[in-house]
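Here the structure is laid out as structure tokens; the discussion comes afterwards.
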Amino acid sequence: MGLSCGLVGLPSCGKTVIFNAITAAGVSSYNGSEMNRAVVYVPDQRLNRLTEIYKPQKVVPATLEVVDISGIKVSSQGNEHGFKLLGYIKDVEALLHVVRCFEDGSVPFEHETIDPVRDIETVDLELMVADSNTLLNKINRLAKKVRAGDKDAIRDTTNCEKVYAAIQQGTPARKQDLSFQELASIRECNLASLKPVLYVANIKSIEDAENRHVKALERIASAEGSEVIVVCGKDEADISQLGIDERQEFLKELGLKESSMERLISSAYRMLGLINFFTTGEDEVRAWTCSKEEKAPVAAGKIHTDMEKGFIRMEVFRYEDLLELGSEAAIAKAGRQRLEGRDYKVQDGDIVAVRFNRGG
């Protein structure tokens, strides 16, 4: 499985409409369920070109799992609904926070006014309430070891207390500029407010893309080093139901070069520092996702765990070199195919073959 993102936001902010736009799943906005889930293919034009070159029997794109999580309600923590929502949020790697940035009295909303600042603070507050409980549980579990003088427990407790204190002051974990050691101490807590957030501004029409609510959201995102993707949810949900040719024509009419799904995925990849590398052949061409500059054995483990355990070396050449020279034979002749060891950091666009000891 590739990247996993959770759509969060207040009830009636347009999450499920955005979910439909991304996944073409056609889920009802008012089905009352707590979670919808879909897996979509990550668009990558390089995969199309590799398919033309190798003409494989099978083509496998990288995937994105999208989870539409029921609207977060104020003070939902501490009840069964709140616990379920927290579980869904903890299962994903990043949050796509949908914020309502349009005014329309015919569409019900939690509040009488539209205010992105208030809405973001509300969602962050609920995440921090959950995280406070999680941190306190860990601090309490470590108490006996702390009293016994265990140095690791003392260090972890100190770090957890620091994060807890900042959360109590209203600062989500992702905004606390935590050190490597502090992150290590809280890793098992899997804090909801530590997850990277990409903001999605849901607007009513494409002409409304620069309204004051979107501008307010962009200021918030800029202050925390995040991004805003502006999406007309209804239009893009309609587009997602069209055939490929009709879809491209509709996007062109709206003045868009790519769909919301493509923009969201590109931004999510940047936010999480992810890249795609490829394996190729006549049987299969496949895209794989890993962290930026991940070392060769770990990246090989994405293909199969045995490859990481028994890693020997990685044969690597560049996608760009294949386009320029036309074949693997020409690449080898030009000396552009390399043998890389355990310390090699995989690059976006690498085409690899892994040599490994099958016995581990």
Side-chain angles (χ1 to χ4, degrees), residues 3-13 15-16 18-19 32-37 65-100 110-111 115-143 156-179 182-200 220-221 223-226 268 271-272:
L3 173 66
S4 177
C5 291
L7 285 165
V8 299
L10 297 182
S12 300
C13 66
K15 284 188 305 80
T16 303
I18 301 297
F19 178 80
S33 67
E34 293 172 329
M35 182 270 290
N36 297 306
R37 188 188 303 269
E65 182 183 50
V66 183
V67 182
D68 174 25
I69 300 169
S70 176
I72 295 176
K73 299 178 181 178
V74 178
S75 301
S76 62
Q77 299 300 330
N79 56 45
E80 184 178 356
H81 176 74
F83 287 131
K84 285 184 178 180
L85 294 189
L86 178 60
Y88 298 142
I89 290 171
K90 287 199 170 190
D91 282 344
V92 300
E93 298 167 74
L95 300 179
L96 305 178
H97 186 164
V98 180
V99 182
R100 179 165 168 168
E110 285 280 283
H111 304 282
D115 184 348
V117 176
R118 175 203 59 215
D119 295 351
I120 289 171
E121 289 177 348
T122 299
V123 172
D124 276 346
L125 175 61
E126 294 303 306
L127 298 183
M128 287 188 289
V129 168
D131 287 348
S132 294
N133 293 333
T134 302
L135 287 165
L136 283 177
N137 286 338
K138 178 168 183 176
I139 291 168
N140 291 334
R141 288 198 309 271
L142 292 174
D156 288 346
T157 297
T158 299
N159 290 334
C160 286
E161 288 175 341
K162 176 184 175 182
V163 176
Y164 174 81
I167 284 177
Q168 291 299 104
Q169 294 297 316
T171 305
R174 70 178 184 276
K175 298 181 182 180
Q176 291 184 29
D177 194 23
L178 300 174
S179 69
E182 289 165 345
L183 288 170
S185 293
I186 65 172
R187 182 171 293 118
E188 71 170 281
C189 296
N190 193 15
L191 300 182
S193 73
L194 183 61
K195 295 183 184 295
V197 176
L198 173 66
Y199 294 103
V200 182
I220 295 169
E224 62 181 76
S226 185
M271 180 172 65
L272 292 174

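None of the values given here were measured: they were computed from a predicted structure. Just so you know, these numbers use all the heavy atoms, side chains as well, and skip hydrogens, waters and symmetry mates.
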Do the non-hydrogen side-chain atoms of [X] and [Y] ever get within less than 4.5 Å of each other?
| X | Y | result |
| --- | --- | --- |
| V99 | V123 | no |
| C160 | I186 | yes |
| I167 | S193 | yes |

- line: With L95 as partner, the option from V67, I89, L7 fulfilling side chain to side chain contact (heavy atoms under 4.5 Å, CB included) is I89
Atom pair [atom1]/[atom2] of [X] and [Y] - distance to nearest 0.5 Å:
| X | Y | atom1 | atom2 | result |
| --- | --- | --- | --- | --- |
| I139 | T158 | CD1 | OG1 | 9.5 Å |
| T16 | I69 | OG1 | CD1 | 11.0 Å |
| K162 | T157 | NZ | OG1 | 15.0 Å |
| D68 | R37 | CG | CZ | 11.0 Å |

For [X], enumerate each residue passing the side chain to side chain contact (heavy atoms under 4.5 Å, CB included) test, keeping only those at least two apart in sequence or located in another chain.
| X | value |
| --- | --- |
| A94 | C5, P196, M271, L272 |
| A143 | R147 |
| E188 | K138, R141 |
| D119 | L10, F109, H111 |

With sequence neighbours excluded, tell me which residues meet side-chain hydrogen bond (donor to acceptor under 3.5 Å, both in side chains) with [X].
| X | result |
| --- | --- |
| N137 | none |
| S132 | Q168 |
| S179 | E182 |
| S185 | D156, N159 |

message: Looking at D177, I want to see if its CG is surrounded by more than 12 non-hydrogen atoms of other residues, nucleotides or ligands under 6.0 Å.
response: no
query: More than 12 non-hydrogen atoms from neighbouring residues, nucleotides or ligands closer than 6.0 Å to NZ on K175, yes or no?
result: yes
Salt bridge (Lys or Arg N to Asp or Glu O under 4.0 Å) partners of [X], counting only residues at least two apart:
| X | result |
| --- | --- |
| R174 | D124, E224 |
| K195 | none |
| E121 | none |

Closest non-hydrogen atom pair, [X] against [Y]:
| X | Y | result |
| --- | --- | --- |
| V8 | K15 | C-CD, 3.2 Å |
| K90 | C189 | NZ-O, 3.0 Å |
| S4 | E65 | OG-OE1, 3.1 Å |
| T171 | Q176 | O-NE2, 3.0 Å |

- request: Go through the steps for L191 and L135 under the test side-chain contact (heavy atoms from CB on, under 4.5 Å), then give the verdict.
  value: CA-CA 8 Å; L191 300 182; L135 287 165; 4.1 Å; yes
- request: Would you please test L194 and V163 for side-chain contact (heavy atoms from CB on, under 4.5 Å) and show each step?
  value: CA-CA 10 Å; L194 183 61; V163 176; over 6 Å; no
